[in-house]
**Q** 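The structure follows.
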Amino acid sequence: MQPNNATYGTDAHLAASRPDAVLRYADHPRGFAELRLPKGEGPFPLAVIYHGGCWKTGIASQAYMAPLATHWQSLGIATLNVDYREVGDGGGWPGSFEDWAASARLIEEVAANHPIDRARVTLVGHSAGGLPAVWLASASGEDGPVGTRAALKVRAAIVLDGPGDVGAEQPAFDALCQFAAVAPFIGTPAPARTGAISPAAHAPQLAEILFVQAKLPAPSATTQAALAAGGARVTVRENPGASHFAIITPGNPVHQANEAAMLAAIKGE
């Protein structure tokens, strides 16, 4: 398992700040999230961040998203940078989903104890982390990975070079990972499981969804329509030729080109 102090894949341009608190949502080693609060009185918008790593233990952790969390902290945004189990350490179906659902409960704890604007909470996911950013804001039926659950009440989601529909985009996502990532994560029966978490089955309940793509193509028109069916405004920004990590790296020109759109989504502008 890669140590949590590694900034996998990034040219950070920025040292991560020390978190204001490390909050636990589960008793396993990866059941925590780092809280960073801006200076000032608030209330601050909150970005809840989910890292990538192809859902496979040993590739990445929350640490590589810490420079971006730190950058947003400096811009007046509170951040909750979440680690979670992956395939190989108890994750996959249902373990990763159980962690994502449990981590989301930290939002209420943070809002109760800090000057957070609960009406401006955004779920942010890079790569494989794009799945929880959309799934948490969607309801689930009995066939879902954690059974029946209501959609998490948040305003927006930002997917940073991640999938809009894992089942529909499996070939592209596996190609990005350079190995078969989806099948070990989903398990069997795969069609039923990917169908259960598809936006076509349960549309996210959001005001806005922003995709900032690089290596992955834009979600199909069919997927975008499914994502919008719950009322979301879906925007896709494509960055042909950009690296998978440039879009999350503060100071990188590709990140800078997309930063205003990300900040507007987080701040509800």
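Note that the structure is a prediction, hence the values are computed from the model and not measured.
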**Q** Does some side-chain heavy atom of H126 sit less than 4.5 Å from a side-chain heavy atom of L68?
**A**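 Not in contact.
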**Q** Do you know which two heavy atoms are closest between A201 and A196, and how far apart they sit?
**A**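 The answer is CB-O, 4.5 Å.
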**Q** Could you report the tightest heavy-atom contact between C54 and I59, atom names first, then the distance?
**A**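 Closest pair (atom of C54, atom of I59, distance): CB-CD1, 4.3 Å.
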**Q** P217 and A172: which non-hydrogen atoms are nearest, and at how many Å?
**A**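 It is CD-CB, 4.2 Å.
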**Q** Is there a chain of hydrophobic side chains (I, L, V, M, F, W, Y, each step under 4.5 Å between heavy atoms) that links I49 to V134?
**A**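 In one cluster with I49: V134, no.
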**Q** Would you compute the distance between atom CG of L106 and atom CG of L23 and round it to the nearest 0.5 angstrom?
**A**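 Result: 5.5 Å between the selected atoms.
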**Q** Could you grab the distance from atom CZ of R233 to atom CD1 of I209, nearest 0.5 Å is fine?
**A**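 One gets 10.5 Å once the value is rounded to the nearest 0.5 Å.
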**Q** Would you mind listing every side chain to side chain donor-acceptor pair (under 3.5 Å) that reaches into residues 159-169, with sequence neighbours excluded?
**A**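 For residues 159-169: D161-H244, D165-S198.
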**Q** Shortest non-hydrogen contact from A156 to A265?
**A**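 Distance-wise, the nearest heavy atoms are CB-O, 4.1 Å.
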**Q** Is it the case that more than 12 heavy atoms not belonging to E269 sit under 6.0 Å from its CD atom?
**A**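 For E269, atom CD is crowded (more than 12 foreign heavy atoms under 6.0 Å).
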**Q** Identify whether L123 and L160 are in the same connected component of the hydrophobic contact network (ILVMFWY, side-chain heavy atoms under 4.5 Å).
**A**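 Hydrophobic grouping puts L123 apart from L160.
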**Q** Contact between I116 and L37 at the side-chain level, heavy atoms closer than 4.5 Å - yes or no?
**A**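 Side-chain contact under 4.5 Å: yes.
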**Q** Are any non-hydrogen side-chain atoms of P189 and R193 less than 4.5 angstrom apart?
**A**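 Yes. Closest side-chain heavy atoms under 4.5 Å.
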**Q** Looking only at heavy atoms, which two atoms of A104 and L136 are closest? And how far apart?
**A**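 Taking every non-hydrogen atom into account, CB-CD2, 4.2 Å.
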**Q** Minimum heavy-atom separation for S243 to A214, with atom names?
**A**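 Looking at all heavy atoms of both residues, the closest pair is O-CB, 3.5 Å.
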**Q** Nearest 0.5 Å please: distance from the OG1 atom of T79 over to the CZ atom of F44.
**A**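 Reported to 0.5 Å precision, the distance equals 11.5 Å.
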**Q** Are M262 and V154 co-members of a hydrophobic cluster defined by side-chain heavy atoms under 4.5 Å apart?
**A**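 They do not share one cluster, since no chain of ILVMFWY contacts under 4.5 Å joins V154 to M262.
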**Q** Say you draw a straight line from NE2 of H71 to CG of L75; how long is it, rounded to the nearest 0.5 Å?
**A**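 It is 4.5 Å, given to the nearest 0.5 Å.
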**Q** Taking side chain as C-beta onward, heavy atoms only, is L131 less than 4.5 Å from I197?
**A**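 Touching, per the 4.5 Å side-chain cut-off.
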**Q** Quick one, V48 with V124, criterion side chain to side chain contact (heavy atoms under 4.5 Å, CB included). Give me CA distance, side-chain angles, the key distance, then yes/no.
**A** CA-CA 6 Å; V48 185; V124 181; over 6 Å; no
**Q** Look at the side-chain heavy atoms of Ile, Leu, Val, Met, Phe, Trp and Tyr, link any pair under 4.5 Å apart, and say whether V159 and V82 land in one connected group.
**A**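 Same hydrophobic cluster.
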**Q** Got a donor-acceptor contact below 3.5 angstrom from the W55 side chain to the A128 backbone?
**A**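 Side chain of W55 to backbone of A128, a donor-acceptor pair under 3.5 Å: yes, one is there.
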**Q** I would like to know whether L80 and V110 meet side chain to side chain contact (heavy atoms under 4.5 Å, CB included); could you show each step before the answer?
**A** CA-CA 9 Å; L80 196 58; V110 170; 4.3 Å; yes
**Q** When the ring planes of Y50 and Y84 are compared, do they come out parallel, tilted or perpendicular, using 30° and 60° as the limits?
**A**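 Aromatic pair Y50/Y84 classed tilted.
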**Q** For D89, is there an ion pair with R30 - N to carboxylate O distance below 4.0 angstrom?
**A**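 Salt bridge flag = yes for D89 with R30.
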**Q** L152 versus I107: any side-chain heavy-atom pair under 4.5 Å?
**A**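 Side-chain contact under 4.5 Å: yes.
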**Q** Please check if V236 and F173 belong to a single hydrophobic cluster, counting links between Ile, Leu, Val, Met, Phe, Trp and Tyr side chain heavy atoms closer than 4.5 Å.
**A**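 They do share one cluster, since a chain of ILVMFWY contacts under 4.5 Å joins V236 to F173.
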**Q** Does some side-chain heavy atom of K153 sit less than 4.5 Å from a side-chain heavy atom of Q205?
**A**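 No, every pair of side-chain atoms sits at 4.5 Å or beyond.
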**Q** Looking only at the side chains, is there a donor atom on one of S17 and Q73 sitting less than 3.5 Å from an acceptor on the other?
**A**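 Checked: S17/Q73 side chains pair up, N/O donor to acceptor below 3.5 Å.
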**Q** Kindly say whether T223 contributes a backbone atom to a donor-acceptor pair with the side chain of S220 at under 3.5 angstrom?
**A**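 At least one qualifying donor-acceptor pair exists.
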**Q** Looking at E208 and A157, would you say the former's side chain and the latter's main chain have a donor-acceptor pair under 3.5 Å?
**A**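 No, the answer is negative, given that no donor and acceptor are paired below the 3.5 Å cut-off.
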**Q** Within the side chain of N239, is there an N or O that forms a donor-acceptor pair under 3.5 Å with the backbone of Q213?
**A**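 Between the backbone of Q213 and the side chain of N239 there is a qualifying donor-acceptor contact (under 3.5 Å).
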**Q** Rounded to the nearest 0.5 Å, what's the gap from CZ on F211 to CG on N258? Could you check?
**A**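 These two atoms lie 14.0 Å from each other.
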**Q** Are any of the side-chain heavy atoms of W100 and V146 separated by less than 4.5 Å?
**A**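 W100 vs V146: side chains apart.
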**Q** Decide yes or no on side chain to side chain contact (heavy atoms under 4.5 Å, CB included) for D174 and F179, but give the supporting numbers first.
**A** CA-CA 6 Å; D174 284 350; F179 62 87; over 6 Å; no
**Q** Run S127 and L176 through side chain to side chain contact (heavy atoms under 4.5 Å, CB included) and show every step you take.
**A** CA-CA 9 Å; S127 192; L176 172 66; 3.9 Å; yes
**Q** Walk me through it: do F97 and W135 pass the test ring-ring contact (aromatic ring centres under 6.0 Å, His included)?
**A** CA-CA 9 Å; F97 295 89; W135 176 77; 5.0 Å; yes
**Q** Below 4.0 angstrom, N of the basic side chain to O of the carboxylate: do K56 and E86 qualify?
**A**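 The answer is no: the pair does not qualify as a salt bridge.
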**Q** Would you mind telling me which of R85, R149, R105 makes a salt bridge (charged side-chain N to carboxylate O under 4.0 Å, His left out) with E98?
**A**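 That would be R85; it is the only one of R85, R149, R105 passing the salt bridge (charged side-chain N to carboxylate O under 4.0 Å, His left out) with E98.
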**Q** Return the CD to CD1 distance between E259 and I247, rounded to the nearest 0.5 Å.
**A**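 That separation rounds to 13.0 Å.
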**Q** Any sub-3.5 Å donor-acceptor pair from R237's side-chain atoms to A257's backbone N or O?
**A**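 Between the backbone of A257 and the side chain of R237 there is a qualifying donor-acceptor contact (under 3.5 Å).
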**Q** Between D20 and H114, do the side chains contain a donor N or O and an acceptor N or O under 3.5 Å apart?
**A**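 Per modelled atom types, H114 and D20 side chains form no pair under 3.5 Å.
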**Q** Does the cation-pi check pass for R36 over W72, that is, NZ or CZ under 6.0 Å from the six-membered ring centre and within 45° of its axis?
**A**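 So R36 doesn't make the cation-pi contact.
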**Q** Side chains of R155 and T122: any donor to acceptor distance under 3.5 Å?
**A**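 No, R155 and T122 have no side-chain donor paired with an acceptor closer than 3.5 Å.
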**Q** Can you find a heavy atom in the side chain of D83 that is under 4.5 Å from one in the side chain of H51?
**A**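 Yes. Closest side-chain heavy atoms under 4.5 Å.
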